[in-house]
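Since the structure comes first, as structure tokens, the remarks are kept for the end.
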Amino acid sequence: MIRFHNTLGGEVEDFVPIEPGQVKLYTCGPTVYDFPHIGNWRAYIFEDLLKRFLAFRGYKINHVMNITDVDDKTIRGAQARGVGLDEYTRPFIEAFGRDRDTLNILPADHYPRATAHIPEMVELVKTLLEKGFAYRRDGSIYFAIDRFPAYGRLSKINLEDLRPGSRGDADEYEKESVHDFALWKAPKEGEPFWETVIGPGRPGWHIECSAMSVKYLGKTFDLHCGGVDNIFPHHENEIAQSEAANGVKFVNTWLHCHHLVVDGEKMSKSKGNFYRLADVLAKGYDPLDVRYLLLSTHYRKMLNFTFEALDQARTARQRIGDFLGALKDVSGTATDGAPIDPLIEAARDGFVAGLDDDLNIAEALAAVFTLIKNVNPLLARGEVSKEEAAKVAAFFAEIDTVLAIKPSPTIAGSGKIAKGGYAASGTASVSGGGGISATGEALIADRQKARAAKDFATADAIRRELLAMGIVLEDAKDGVRWKKVGPPKG
RNA sequence: GGCGCGGUACCCAAGCGGCUAAGGGAGAGGUCUGCAAAACCUCUAUCCGUCGGUUCGAGUCCGACCCGCGCCUCCA
């Protein structure tokens, strides 16, 4: 039984989907006014883990992720650049897709864009007006919070307790109550707007998620995810709009992932600790090492991003890669060592039990590393048969449908991924994915010749040269193994 | 002020009432190796922010306190 911590109620509870075997999932997507930073990716990777694990447990998933392509920031950005909204947001949408693939995140089933769903939003606002939950003021339409008594249930907020914030937003005209929020914003000079039956204007921030989720998932669906900062007001407002309009429960389970901080502090451009994915990759790190790091801390815990932690993540992932390489090299037939099957089963049980428990990734990973720890000694003593090694490798392939931290064939082909290759003794013909340059191959071959001639000075010089190229050599009994490594530690 | 999160070894991080406190990284010694690397073996928290309490028994429950952090209408 899978259990999740539901923000609504604040407790870990059994997960029971509305339709057996099916999960309807909505995750808050990017506002495409800029490139995402690694904190955004932390959230998307958490959602990917969630999704992959649900699939692993046999669920079919219908995943919707919105693309917010009209809001204050996209409008401001487009104006500043003197281009249309569509032209302004397009590169960010494309970059989002690229980075998502780079991080091995499965695409959603639907990526509805706000600008493509104006009629649905208008319809929803119309319903709210008709039902008396909304009112007009100076061309804008607001949601009247005091008509929705359940307001504040998700975030456990009492409106009276809210610290009165600065109310200098020029968009806010006269509202009945300070906390009422805009469903529809009156047109302003120079801003894009739509002519609709509820009047000209553009949608408020929250309405798109309510309108698009109902379209693709129905009035009530299973899971809604986002960052903790979305709890209030965004998700609170979504609940108010959706439940007021539809008269039924909006979402059964809310999952919120905690923030990522850098060196213990919130990322900010002024502090110089603000990283986008490209900034990290530019330092030579493998994107899947980044994925591993962002994945390996429980989603409800604040994640402190440091390059030291990234180095540790890389090493941990390397240990898995080395282990898989060693499995590949097993050629022996049989053995009377300890049986492998129980070790694999124990690992699988631990892995599933961990993730079943509100995605306890640490427990799941511990089970995986324990398997490595148990099999490596057998490997070292030559007590693993080829068949057994294949079984262990198959297990890793199985769990990697969830973790997705191993080089995938497509990305490995680009040669960016640290992956063990293997060169038969003396020939340096490399096999296996990962790719290595022709000069690299030639150097390995030269070094093998030098070693055969006991010219160790030359051999070591070549090894250093390859290291400078980011290639580490490991001399094994039956040949030389190479792997690519990232930037130097420290 | 309100709501919430966290403080477990040198670092990261599980455990949340009961065997010798997971796992990863780093470090020390050893085996293997031409040397390395990887792997293996051994070691590295009598103790889980502090002080009380409950209990036969507490990082694990209760209370108080001390730190660090997040949100309170831009924000994953």
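Proteins get letters first, then strands, A, B, ... in listed order; numbering begins at 1 in each. Note that the coordinates shown come from a computational prediction; the quantities given were computed from them, not determined experimentally.
A/Asn40 comes within 4.0 angstrom of a nucleotide base, judged by non-hydrogen atoms across all strands. Nucleic acid contact for A/Ile361: none, since no nucleic acid atom lies under 4.0 Å from a heavy atom of the residue. Note on A/Ala316: only backbone sugar-phosphate atoms sit closer than 4.0 angstrom, heavy atoms only; bases stay farther off.
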Go through A/Asp358 and A/Tyr299 one step at a time and tell me if the side-chain hydrogen bond (donor to acceptor under 3.5 Å, both in side chains) criterion holds. CA-CA 9 Å; A/Asp358 194 31; A/Tyr299 76 94; 2.5 Å; yes
Decide yes or no on ring-ring contact (aromatic ring centres under 6.0 Å, His included) for A/Phe307 and A/Tyr275, but give the supporting numbers first. CA-CA 11 Å; A/Phe307 282 97; A/Tyr275 295 105; 5.3 Å; yes
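In terms of phosphate contacts, A/Asn376 brings no side-chain nitrogen or oxygen within less than 4.0 Å of OP1 or OP2 of B/C41. Phosphate contact (OP1/OP2 of B/G4, side-chain N/O of A/Lys156, threshold under 4.0 Å): absent. Note on A/Arg319: a side-chain N or O is less than 4.0 Å away from OP1 or OP2 of B/A39. Residue A/Lys373 places none of its side-chain N or O atoms closer than 4.0 Å to OP1 or OP2 of B/A39.
Remark: ring of A/Phe456 overlaps the six-membered base ring of B/G34 in a stacked fashion, centroids less than 5.5 Å apart, planes less than 30° apart.
Rounded to an integer number of Å, the gap from CZ of A/Arg300 to P of B/C16 is 13 Å. In this entry the distance linking CG of A/Leu365 with P of B/G24 reads 11 Å, nearest Å. A/Phe323 has its CZ atom 11 Å from the C1' atom of B/A39, to the nearest Å. A straight line from CD1 of A/Ile157 to P of B/G1 spans 17 Å, rounded to a whole angstrom. As rounded to whole Å, 12 Å separates atom C1' of B/C3 from atom CD of A/Glu236. Atom-to-atom, CD of A/Glu474 to C1' of B/A38 comes out at 4 Å; the value is rounded to the nearest Å. Straight-line distance from the NE2 atom of A/His256 to the C1' atom of B/G4: 13 Å, rounded to whole Å.
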